[in-house]
Amino acid sequence: MNVLMNEIKIKGVYDYIKLPNSALDIAHNLGYELGASTVKDNRFTRALERLVKNGTLTKVYDIKDEGLYNFVEEQAQISFFGDNLYYNY
């Protein structure tokens with residue numbers, strides 16, 4: 001497993017990009033979904049599953065509060081640890 005070393009921490013996202021055109025835009029939207037998620041309604045997990053299903057991401061691992069996903073089209077990754085989300089490039 002190779003984790004890209006440059007990273008941007010995604011936090012405090014209050015808007016949603018309707019037509020994301022880059023991996024960073026998609027990561028931004030995942031930050032929005034993470035912030036909007038609750039224990040009862042986990043929008044973040046559903047958003048990740050939708051991106052895997054449509055071929056945008058591939059899952060490396062996802063264990064409860066920790067995960068790593070690779071972007072298919074760009075050399076970038078999404079990683080998360082608890083409530084912290086990172087865009088790795």
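At least one side-chain heavy atom of D41 sits less than 4.5 Å from a side-chain heavy atom of R46.
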Donor-acceptor contacts, no H, no angles, side chain residues 76-89, under 3.5 Å, sequence neighbours left out:
| residue | atom | partner | partner atom | Å |
| --- | --- | --- | --- | --- |
| Q77 | OE1 | L4 | N | 2.9 |
| Q77 | NE2 | N2 | O | 2.8 |
| Q77 | NE2 | N70 | OD1 | 2.9 |
| S79 | OG | N88 | ND2 | 3.0 |
| N84 | OD1 | K9 | NZ | 3.3 |

Would you list the atom pairs, donor with acceptor, under 3.5 Å between side chains in residues 23-33 and any protein atom, with sequence neighbours excluded?
| residue | atom | partner | partner atom | Å |
| --- | --- | --- | --- | --- |
| D25 | OD2 | N21 | N | 3.1 |
| H28 | NE2 | D15 | O | 3.2 |
| H28 | NE2 | D15 | OD1 | 2.9 |
| N29 | OD1 | I17 | N | 2.8 |
| N29 | ND2 | I17 | O | 2.9 |
| E33 | OE1 | R43 | NE | 2.8 |
| E33 | OE1 | R43 | NH2 | 3.1 |

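Transitive grouping of hydrophobic side chains (ILVMFWY, heavy atoms separated by less than 4.5 Å) brings V52 and F44 into a common cluster. Y69 and L34 fall within a single hydrophobic cluster, where Ile, Leu, Val, Met, Phe, Trp and Tyr are joined by side-chain heavy atoms under 4.5 Å apart, directly or via other members. Residue I8 is grouped with residue F71 when hydrophobic side chains (ILVMFWY) are merged at heavy-atom distances under 4.5 angstrom, including chains of intermediate members. Each of L68 and I10 belongs to its own hydrophobic cluster when Ile, Leu, Val, Met, Phe, Trp and Tyr are linked at side-chain heavy-atom distances under 4.5 angstrom.
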query = Between T58 and V72, does a side-chain contact (heavy atoms from CB on, under 4.5 Å) hold up when you go through it step by step?
reply = CA-CA 7 Å; T58 58; V72 173; 3.7 Å; yes
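Annotation for E73: atom CD does not count as buried by contact number, only 12 or fewer foreign heavy atoms lying within 6.0 Å.
The structure places CZ of R50 at 11.0 Å from OG1 of T45, a figure rounded to the nearest 0.5 Å.
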